[in-house]
Structure formats: structure tokens, C-alpha cells
Amino acid sequence: MQLHWHRRDLRGADNRALAAAARAVAAADGTAANVDGGVISLFVFDESVLAHAGAPRVDYLLDALAELREWYRERGGELLIRHGDPREVVPEVAQAIEADRVVWNRDYSGLTRQRDSAVRQALNEVDIPRDSFHDAICHEPGSITTNQGDPYSVFTYFGRKWQGREKDDPYPDPDTDLLVDSDTAGVEAGSLPTLDELGFEKPEADLLTAGSEAAQKRLEAFCEDGIYRYEEDRDYPTQESTSRLSADLKYGTIGIREVYWTTENAREDASEAEIESIEEFQSQLAWREFYTHVLWFHPNVVSENYKEYDNEIEWETNEEHLQAWKDGKTGYPIVDAGMRQLRAEGFMHNRVRMIVAAFLTKDLLIDWREGYDWFREKLVDHDTANDNGGWQWAASTGTDAQPYFRIFNPMTQGERYDADAEYIKEYVDELEDTDPQIIHDWHEASLTQRRNAAPEYPDPIVDHSERREEAIAMFEAARGD
Ligand SMILES: Cc1cc2nc3c(=O)[nH]c(=O)nc-3n(C[C@H](O)[C@H](O)[C@H](O)COP(=O)(O)OP(=O)(O)OC[C@H]3O[C@@H](n4cnc5c(N)ncnc54)[C@H](O)[C@@H]3O)c2cc1C
């Protein structure tokens, strides 16, 4: 029997390790009726992972697991649920079902690599063979490098090579005859815990539906509409032209090959401009892979700057400013709208993520790690590689090719990408009846104008022009200029 250990691949379709397990059983002519054959799956709630999780993500995870378990059961199989340290639990379950092999899909952060290596060792000690597979991204870390074999430190060339590489087709669903239930395997199925049992409160955010079925629907809807206007509209938060697949990709409720090939198929009958739009979307998938490669080659980026400066960056410590940012009460409308969207939905539009991250690091001069921690707690799609990549990019400590003195202006960003202040008004109630121009000029307005226009909305907590100068000075000091 083969044991498939699910981690960030919470789906049955287009799942490389699961398909490989089923293929191995089929090749050995196993059937579910024959305990020597068959595939059974396992998910382990790992305390060390839960310790870094936020309620929105755990909520999504539980729903996705419930759906996955149902998927197996409808096909005569089972998803075993266990709680504990995978180094102990995986070999225990493997021994209990007398597994011929344990398989899983690889994960790429430093911590997960250490865990997987410990699980491999633990399985060796009980003489159970194991195999891991590359699945989460199209091109595995190390497979796209410079001609000298070094990892890319900026995206452009990486992106071009990524686009030019052939992509695998989706992997086949396992044959349902090969799936084994817990009775046949002779073990308890284990029950799915509740949020409360895992020590989390119901998140304040109203999340999108989790799971593979919902992910499929999102992909289909996107490929009927948003993808064709993606290039033009993706920066405008009210346009709803992005896929909203980020949490699905993070938890693997949809396979990356399926996403890629569905978008490729959207080329049929597309105009030239629409094809460019499709490629722009695919290029975001490449960004995701780029950051995964960065994390794989530089696991310490989770806590250290990617870019080296001669001196320490002298970030400011200011609890009041940090709290105002988290609460969406900075007096910069586009920033506040984004931060309130984060709390309300566990999500924030990409352009706005860039604006709020730039504001924290370049206007409040607060360390990107504070922002990363808050996003990790609140985002349903928090992904170590992407979140870290996004934060370090915004803070000028990462892979951004732009110099540190290119500083976003939150007022002009708001005016450009949310001209009618529709997005701002959706999340910032105090500005609901305020004229968009006053909203975009909030920073320059007099106290009386502000009190008349929106008495409840806060004054700006810092002066952007002054802080811009201070940010540049902070980076120059770090550079030793
Ligand atoms: C400060 C900051 C933090 C971020 N944190 C995360 C995070 O924790 N998890 C996350 O998935 N993305 C993160 N991003 C990237 C991006 O904002 C989200 O992926 C995107 O907003 C998700 O919406 P979507 O699925 O509709 O994206 P789409 O525009 O439809 O893009 C499709 C997919 O491509 C990937 N993608 C898109 N943009 C990027 C990008 N800039 N970098 C890496 N991958 C990208 C995502 O998997 C996304 O789902 C962050 C960006 C910034 C600036």
C-alpha cells in the first residue's frame, strides 16, 4: 500500500505524488480489495506550523480538508487525519498500514525542508521507502538559473526563461479502484478538528469559499472574462480583473498545471491584445515561482534582508504608528482602505498591497518584518515566498531592480488607481459621502476643510514629503553614503 501525505496540495486532481502513488499500485496490479495494493492519504496537524498560522488561513485549511476528505470518501478512499509531529506521526501511520512507500509533494521553505528531511530519516529508521515529488510550481528551484548556473537575483530574465520553458500537462486523477478506506487499511480515520479545538477564534474576515470546487469555478470565471482585460485592469482594485486564486494556489486546492493550461487554452480566439493580457497573467505565475526560487536558494530571507547594506537600516520603532497602520487609521485614504480590506476579507488587492507596504516602510520607516508578521496573521493567502518577496521588494531590501529612492506617493497612487474613490469608500465608511477630490487631497487639505468634509476620518499621521526625505536619509546611512 502507498501512503500519500498531503501538505500544501489539498486536492485529488493534478497531484503529482498522488498520481505517482496510484501509478505504482496500478503497475503492481494492486486493487483496493487487495491490501497489498491501494493508496490511502494522510494529513497531519503539526503544532509547529499552527504556531505561525492566522485564523483566516486555518479556517480556509479546515474547509479545504473537509472537502478533500469528502472527495476521497465519494471514491471509496480516505483522508486520515492526525495531530502531532510528522516525524513521529508519518512513520507511525506508515507502519500501521504496512505501507510499501510514503509519497509527498515537496515544499520549499527552510523550515519545511528541515521537517521533510527529518521525516525521511525517521522513515529510513523503520525501513519504509519514501519518495517526494516536485509539484507546487511549474519549474523546480534550481531548474531556471543564469547561464553560469547561479540563481537569478532579479525577475526579468527569470521570467523570460520561465515563459519559454515547456510545461507539464496536469497529472491524472488516481483511479478510484485504487483508493483504500480506513477499514481496509485497518486504522482509524481520525476526526477533523474545529477551529476552536485548534485554538483559533472564528476570523473577523469574510473569506471566499475554500476548496477545489470553488477554485475551479474561480479559474473558469476568470478565463471567461478577467484574463482578457488583465493587463489593462489588474492595477485597479475595483475592476475585479484578477483571478483571486492566491489562497487556492497557496494550499494547492488547484494544481498549477491546470491553472497554466486553462489560461493557455484561453488563447484560442483571443485577439493580439488579449494574448498579451494572458501572458501578463502567466507572468504573475512566474513571479510566484521566482520568489519560491529565491526562498529556496536563500532560506534566511524569512528574517533577514535579501539585499545587503553596509550598515544596519535604522528602522523606527513607533507602536502608535504601527497600530494606526494595522487599524487603517493613518489618514491616508488608500492605505486605510487596503488595511481595512485585509481585516474584512483576509485579502488585499495587489496594487494596494504595494502601496500599504511602501507606506509602512518608507513613510512610517517601520521595519518590513512588522508588516510581514501582520500580513502573515491576517492574509488567507499568506505564502512565505510571495509575502516575503512582496515585502522586501517594497522595502528596497529585496529583489527590486529599482533603487531605494523610488518612493510611492500614496496620494497620487490613490488618485491614479482609484480615481472615483470607489475602493476607498467601500472600506472607509467615514469617507462614504466625501468628494473624491477631497479624499485624494486629504493630505493637503486644511484642518477646517477636513473637519467639514469628513469629521470622523483621521488627520494624516505623518507628512509624506518630510518622511520621504527621512527615508532617503535612512537608506543613505545604511549604504554608508
Ligand atoms: C507586500 C506584499 C505581500 C504579498 N503577499 C502575498 C502572499 O502572502 N501570498 C500571495 O500569494 N501573494 C502575495 N503577494 C502578491 C500578490 O499581491 C497576490 O498574489 C495577489 O494580490 C493575489 O490576488 P490574485 O490571486 O487575484 O492574483 P492574480 O493577479 O490573479 O495572480 C495570479 C497568481 O499569481 C501569483 N502572483 C500574483 N502576483 C504576484 C506577485 N507580485 N508575487 C508573487 N506571486 C504573485 C499569485 O499566486 C496569484 O494568485 C504580495 C504582494 C505584496 C506587494
Side-chain angles (χ1 to χ4, degrees), residues 8 52-54 56-57 60 109 136-138 155 158-159 162 208 214-215 218-219 221-223 225-237 239-256 258-260 262-263 266 277-295 302 325 335 338-339 341-342 345-362 366 368-400 408 413:
R8 279 185 51 184
H52 296 110
R57 276 189 288 143
Y60 180 101
S109 76
I137 52 179
C138 291
F155 174 74
F158 176 95
W162 186 93
L208 291 186
R218 281 190 271 278
L219 178 62
F222 175 64
C223 286
D225 172 32
I227 197 165
Y228 296 113
R229 48 189 182 87
Y230 185 80
E231 188 169 33
E232 215 177 303
D233 289 351
R234 63 182 286 260
D235 273 322
Y236 298 86
Q239 288 303 317
E240 299 193 351
S241 72
T242 70
S243 70
R244 296 297 307 264
L245 285 169
S246 47
D248 309 313
L249 285 167
K250 146 83 194 191
Y251 281 104
T253 48
I254 197 155
I256 187 62
E258 186 163 356
V259 173
Y260 177 81
T262 311
T263 64
S277 208
I278 293 169
E279 287 174 357
E280 182 60 34
F281 173 76
Q282 292 173 342
S283 156
Q284 305 314 308
L285 301 180
W287 268 104
R288 170 176 177 264
E289 308 216 353
F290 173 65
Y291 284 143
T292 306
H293 286 221
V294 169
L295 181 63
V302 289
W325 178 81
V335 173
M339 296 308 294
Q341 183 185 18
L342 178 61
E345 296 170 15
F347 181 84
M348 196 191 302
H349 183 274
N350 179 58
R351 168 60 50 181
V352 192
R353 291 188 204 204
M354 286 156 67
I355 297 171
V356 304
F359 187 81
L360 185 79
T361 53
K362 305 280 180 72
I366 291 177
W368 61 267
R369 282 159 275 233
E370 294 283 359
Y372 174 81
D373 284 349
W374 185 245
F375 270 31
R376 185 173 62 177
E377 190 178 324
K378 294 289 171 197
L379 275 176
V380 67
D381 65 19
H382 162 76
D383 171 284
T384 308
N386 291 353
D387 212 354
N388 186 273
W391 271 101
Q392 296 229 37
W393 182 94
S396 296
T397 59
T399 56
D400 186 10
F408 274 31
Q413 288 281 318

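The structure presented is a predicted model; accordingly, all values stated were derived computationally and were not measured. In listed order, ligands and their atoms are each counted from 1. Counting begins at 1 with the first residue of the sequence. Only heavy atoms go into these numbers, but all of them, side chains included; no hydrogens, no water, no symmetry mates.
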Legend entry - D235 bridged to R351 by N-O distance under 4.0 Å: yes
Legend entry - Atom indices of ligand 1, in the order listed, that fall short of 4.0 Å to a heavy atom of S246: 11 (O), 22 (C), 23 (O), 25 (O), 49 (O)
Inset, instruction - With heavy atoms under 4.0 Å as the rule, classify the contact between F281 and ligand 1 as side chain, backbone, both or neither. - result: side chain
Legend entry - Closest approach of any protein heavy atom to atom 3 (C) of ligand 1, naming residue and atom: D387 OD1, 3.2 Å
Inset, instruction - Compare S243, G226, P237 and give the one whose heavy atom is closest to atom 30 (O) of ligand 1. - result: S243
Inset, instruction - Answer whether the closest heavy-atom distance between the side chains of T384 and L295 falls below 4.5 Å. - result: yes
Inset, instruction - Decide whether the shortest distance between a heavy atom of H382 and an atom of ligand 1 is less than 4.0 Å. - result: yes
Legend entry - Nearest protein heavy atom with distance in Å, relative to atom 2 (C) of ligand 1: G390 CA, 3.8 Å
Legend entry - Residue and atom name of the nearest protein heavy atom (relative to atom 9 (N) of ligand 1), distance in Å to one decimal: D381 O, 2.9 Å
Legend entry - Expected output: side-chain R57 to main-chain R376 donor-acceptor under 3.5 Å: yes
Inset, instruction - Look at atom 39 (C) of ligand 1 and say which protein heavy atom is nearest, naming residue and atom and giving the distance to 0.1 Å. - result: Q284 OE1, 4.1 Å
Inset, instruction - Kindly indicate whether the side chain of H382, heavy atoms from C-beta on, has any atom under 4.5 Å from the side chain of F375. - result: no
Legend entry - 4.0 Å heavy-atom contact, F347 with ligand 1: yes
Inset, instruction - Would you mind checking which non-hydrogen protein atom is closest to atom 13 (C) of ligand 1, with the distance to 0.1 Å? - result: R353 NH1, 3.3 Å
Inset, instruction - Of the side chain and backbone of L379, name the one, both, or neither that has a heavy atom under 4.0 Å from an atom of ligand 1. - result: side chain
Inset, instruction - Please check if the side chain of T262 supplies one atom and the backbone of E258 the other of a donor-acceptor pair under 3.5 Å. - result: yes
Inset, instruction - Report the nearest protein non-hydrogen atom to atom 40 (C) of ligand 1: residue, atom name, distance rounded to 0.1 Å. - result: W287 CB, 4.1 Å
Inset, instruction - Could you tell me whether the side chain of W374 reaches within less than 4.5 Å of the side chain of L360, counting heavy atoms only? - result: no
Inset, instruction - Using modelled atom types only, decide if a donor and an acceptor are shared between the side chain of H349 and the backbone of R234 within a distance under 3.5 Å. - result: yes
Inset, instruction - Quick one: look up the protein heavy atom nearest atom 12 (N) of ligand 1 and list residue, atom name and how far away it is. - result: N386 CB, 3.5 Å
Inset, instruction - Check whether any side-chain heavy atom of Q392 lies under 4.5 Å from a side-chain heavy atom of Y372, and answer yes or no. - result: no
Inset, instruction - Would you mind listing which atoms of ligand 1 come within a distance below 4.0 Å of any non-hydrogen atom of L249? - result: 47 (O), 49 (O)
Inset, instruction - Please report which non-hydrogen protein atom sits nearest to atom 16 (C) of ligand 1, along with the residue it belongs to and the distance in Å to one decimal place. - result: N350 OD1, 3.3 Å
Inset, instruction - Heavy-atom contacts with D383 under 4.0 Å: which atoms of ligand 1 show up? List them by number with element. - result: 7 (C), 8 (O), 9 (N)
Legend entry - Numbered atoms and elements of ligand 1 in range of Y230, under 4.0 angstrom, heavy atoms: 28 (P), 29 (O), 31 (O)
Inset, instruction - Heavy-atom distances under 4.0 Å are what count here, so tell me which part of Y291 touches ligand 1: side chain, backbone, both or neither. - result: side chain
Inset, instruction - Decide whether the shortest distance between a heavy atom of R244 and an atom of ligand 1 is less than 4.0 Å. - result: yes
Inset, instruction - Any chance you could measure N386, atom CG, to T292, atom OG1, to the nearest 0.5 Å? - result: 6.0 Å
Inset, instruction - Check whether any side-chain N or O of E280 sits under 3.5 Å from a backbone N or O of Y230 as a donor-acceptor pair, and report yes or no. - result: no
Legend entry - Nearest atoms (heavy-atom pairs only) where R288 meets A136: NH2-O, 3.1 Å
Inset, instruction - Show your reasoning for whether ring-ring contact (aromatic ring centres under 6.0 Å, His included) applies to F155 and W287. - result: CA-CA 7 Å; F155 174 74; W287 268 104; 4.1 Å; yes
Inset, instruction - Compute the minimum heavy-atom distance from Y372 to ligand 1 and say whether it is under 4.0 Å. - result: no
